[in-house]
Amino acid sequence: MSATVRDAGAGLSRRTLLTVGAAAGGGLLLGVGRAAAAGTAFQPNAYVSIAPSGQVSLIAKVPEIGQGVRTSLAMLIAEELEVDLADVSVVTAGDDMARYGLQLAGGSATIRLNYQAMRQAGAVGRVMLVEAAAKTWGVAASECAARGGKVTHTPSGRSLGYGALTAAAAQLTAPDPNTVALKDPAAFRVIGKPQPNVDNAAIVKGEPLFGIDFVLPGMLYAAYEKCGVFGGRPKSANLDEVRAMPGVKHAFIVDGDGDIDSLGGGGVAVVADSWWRAQKARRALKVTWDMDAAPDQDSARWEAMAKDLGPKTPAHILNARGDAAGALKSAAKVVEASYAYPFLAHATMEPQNCTALVKDGKVEIWAPLQGAYRARPQLKKICGAADKDITIHYLRCGGGFGRRGASDFVAEAAKISQMAGAPVKLVWTREDDIRHDFYRPGGWHNFKAGLDANGRLTAFTDHFVTFGRGEKFAPWADMEGDEHPGGVVDHLQYGYSLIPLNAPTGTWRAPRSNALAFAMQSFTDELAHAAGRDPLAFQLELLTPSRKLPRMPSDLPAIYLAPGMDTGRMAAIVKLVAERAGWGRKLEAGRGLGLAHWYSHFGYFAEVADVSVGADGVVKVNKVWVVGDVGGPIVNPAGADQQVKGAVIDGLSAALGQAITLEQGRVAQGNFNDYPLLRITDAPDIDVHFHVTDNPPTGLGEPALPPVAAAVCNAIFAAGGGRRRTLPLNPARTG
Amino acid sequence: MAYRLKVNGERRTVDAEGDTPLLWALRDELDLKGSKFGCGMAQCGACTVHLDGQAVRSCSIPIEAVKDAPITTIEGVGASAIGRTVQAAWIAADVAQCGYCQAGQIMSASALLASNPSPSDAEIDAAMAGNLCRCGAYLRIRAAIKLAASKLGGAK
């Protein structure tokens, strides 16, 4: 077996990895570095390792979920280290936040938080290698230059490869990364130049890179049945019958812990010598469930409750400024509308899975995770293990989209391994995945706005009907008190009412913004038309004059705490996208252009959609223009282009076809036949442009997504297809 | 019972029940992990392999139905000029984001080019409609297929 599990072990063959991993019982990733440090490799810091052979390994501290961090983080280091990306191997770090700081594929935060630090890591290495060469030659370091993995003494033309300098460099004291000289961006050779995905060659050959591909010697496979009603607990099951089925080694009830981020209500595990046998035996399970009646956990009931609540006074006020009620009374025109969007599932292409080895008080996990900040505490609790006895390897994720920060599948695999007394790979089916997700919560916005005689916005109110647990918002079912245009209108009232929810909710690509932008930017377009004005002019007026809006106090996690919107930055890209799309041009009947923008995750995005509406009302998106301002430089233009196009297609997928509905407490959908993803046949042309500014660079996994649904709905209106206020637009095609 | 399968030009023995989907026989019995599990009901195409040269969804074909038909997986597709060219085009067009669906995409694309060396846009879309990409790499998938077609001499 020559294939490597690249995400888990640098350049080690899979068998070596497994042997070492099993023998050491953990710490393998650190082992790569530490073992090397004990030898003659040069390791100036946690991110760079250069073997005497000249082999350069760069550590990607953040898990890879398709956002391209194995490429972009390596680029930042390689730029300053003066090595070519093609000559390095990239190693994804294991979970060790004491060593690496925040390790999270989330919040579009990786580039923002690591742009400087990774350059510094590379620069420290370069400075030391140059110094080592200068010492070797007895010349001044200032006469030496590093490039392409070697140091050259410019006056004499002598050069030494990095491998030959490792021993000498290892003797030197590392300079302070905070003051080390970084390259002048004008001299960048890697950053800002399109770099192909470093894993392309392995991907096209089908190498076993992903979590689901991982194998441990002697490993068993688990399928796991949970109650379709959230929180339901197994009471009894025909375990003996199932144990007698081919290949089945264990069948047992796993007790729950009541924590939906952990074991929840528990379930029934079937462990066999192959996954298919486990799954087949699982299908023969007859389980009696103990469940709290959940008839109120039902989408049709929620719909009725929201309709009832909408016109009433909000139960809570989020933000009030001026005199919204008075301003509405004195407005020349009042516009009212209600918008609705459904729950969404993540449906990562790779179903949730986890390989766990829980033995002798030690826990080792191999999983496609976006981060272990939730999994690690759960493992401590479930397995009774100390922090130092828990090792978590980040394997490549077949998509993340916010699903894989959760720890439910990790907790389950660990518990099953512990109970089976064997290494176990748990693999969920697609149905498990869609029916046991942390959903993007649905919601309803009931807007009222006042326009003056000149068609200017004077008052804006929203009664947001959303979901809660008790008096608190359900996770990610909230909004801020200054969601645009809340920050720019004189008379404002944002209030909300909560519908009790027991289904799990969580982060879904561009959490909150993915839904709020649809409602807010659609209604803003509606206001422009009500005022008899061009939506572009109306939107720009709200962003004028150029100013930096204050940010309201927020309960958001720190990584999401962006400064308030700079309306000038947004206005600039709104103008630019309108220009690129040919805003204002005439289109044939049944076709229109729609504009929307949104600021999220520190990124500014404006989009125009060109949409046709068929006689049957079916919406076809012909083209989308995108202009983004995520500062500068764009670290990897090739990856950035992918993230934006992917976000647009993801946003279209959801807006056009996706809805998760609950019927009597159970999710009604189960697979791609009733929860459709956009297919290639519906993928529009997408024009991507980055408006590079002097602002520090920020991430791209999320902020291009929020505007697209509103841009499409606004285009539908322009096409004569009416105002669409409910998603999805083309109801799910089943079958 | 034991089934003799012809996989990537080699005879391989799989000791499993006859209703075992080809996908799981490939992945867990033969340790060929390139074909991916995505839906289990021929909805997503992540498990696509060639059976007798045709692109099929291996999650929905029991091994007892395979008989003597030669199977090509992503691990073996590079043995043919078309497969190799499609893989190279996928690299040149820098298609992959997470990469999970790409083995299935490449298998569908190489089957398409084997039967239609110069597919039109509509023909590409029709042939690839069964392969989902959750990352939304569709535009680069189209570009890569066109690139491969041109390298193979069939481009318009």
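Keep in mind that what you see is a predicted model, and the values were worked out from it rather than measured.
Options A:E431, A:Q67, A:K645, A:K280 differ in how many heavy-atom pairs under 4.5 Å they form with chain B, and the most are formed by A:K280. Of the listed residues B:A96, B:C101, B:G34, B:A137, the one with more heavy-atom pairs under 4.5 angstrom with chain A than any other is B:A96. Comparing A:Q643, A:M349, A:R430 by heavy-atom pairs within less than 4.5 Å of chain B, the highest count is held by A:M349. Contacts with chain A were tallied for B:E29, B:R142, B:M128; B:R142 has the most, counting heavy-atom pairs under 4.5 Å.
Proximity to chain B is limited to the backbone of A:P684, based on heavy atoms less than 4.5 angstrom apart. Both the backbone and the side chain of A:I686 come within less than 4.5 Å of a heavy atom of chain B. Using a 4.5 Å cut-off between heavy atoms, A:V427 touches chain B through its side chain atoms alone. Within the 4.5 angstrom heavy-atom criterion, no atom of B:V77 approaches chain A. Both the backbone and the side chain of B:A129 come within less than 4.5 Å of a heavy atom in chain A. Contact of A:P246 with chain B is made through the side chain alone, with heavy-atom distances under 4.5 Å. Of the atoms belonging to B:L32, not a single heavy atom falls under 4.5 Å from chain A. Both the backbone and the side chain of B:L132 come within contact range of chain A, with heavy atoms under 4.5 Å apart. Neither the backbone nor the side chain of A:Q279 comes within contact range of chain B; no heavy atom of the residue lies under 4.5 Å from a heavy atom of that chain. Within the 4.5 angstrom heavy-atom criterion, atoms from both the backbone and the side chain of A:I680 approach chain B.
Chain A is approached within less than 4.5 Å, heavy atom to heavy atom, by B:Q102, B:I106 from residues 102-110 of chain B, ordered by number. Annotation: residues 11-19 of chain B contacts chain A through B:D15, B:A16, B:E17, B:D19 [non-hydrogen atoms, separation under 4.5 Å].
Side-chain atoms of A:N671 and B:Q43 form no donor-acceptor pair, as typed in the model, at a separation below 3.5 Å. No hydrogens or angles considered: a donor-acceptor pair under 3.5 Å links the side chains of A:N514 and A:R440. Side chain to side chain, A:D433 and A:T348 fail the donor-acceptor criterion of an N or O pair below 3.5 Å. Inspection of the B:S35 and B:R27 side chains reveals no N or O donor paired with an N or O acceptor under 3.5 Å. A:D432 and A:Q352 are not linked by any side-chain donor-acceptor pair at a separation below 3.5 angstrom, with hydrogens and angles left out of the test. Side chain to side chain, A:D650 and A:S653 fail the donor-acceptor criterion of an N or O pair below 3.5 Å. No side-chain N or O of A:T92 forms a donor-acceptor pair with one of A:E64 less than 3.5 Å apart. Side-chain contact annotation: A:R435 with A:Q669, donor-acceptor N/O pair under 3.5 Å absent.
Residue pairs meeting the salt bridge (charged side-chain N to carboxylate O under 4.0 Å, His left out) criterion with at least one partner in residues 70-94 of chain B, sequence neighbours excluded, are B:D94-B:R140. Applying the ring pair (Phe, Tyr, Trp, His ring centres under 6.0 Å) test to residues at least two apart or on different chains, the pairs with a partner in residues 76-106 of chain B are A:F210-B:Y100.
A salt bridge does not link B:D52 to B:K67: none of the charged nitrogens lies less than 4.0 Å from a carboxylate oxygen. In this structure, A:D199 pairs ionically with A:R70, as a charged nitrogen and a carboxylate oxygen lie closer than 4.0 Å.
For the pair A:R277 and A:Y221, the cation-pi criterion (under 6.0 Å, within 45° of the ring axis) is not fulfilled.
Ring geometry for A:F214 against A:W366 counts as parallel: the plane angle stays under 30°, on a 0 to 90° scale with 60° as the upper cut.
Within a 6.0 Å sphere centred on CD of B:E64, heavy atoms belonging to other residues, nucleotides or ligands number more than 12.
Between the A:N353 side chain and the A:I212 main chain, a donor and an acceptor come within less than 3.5 Å of each other.
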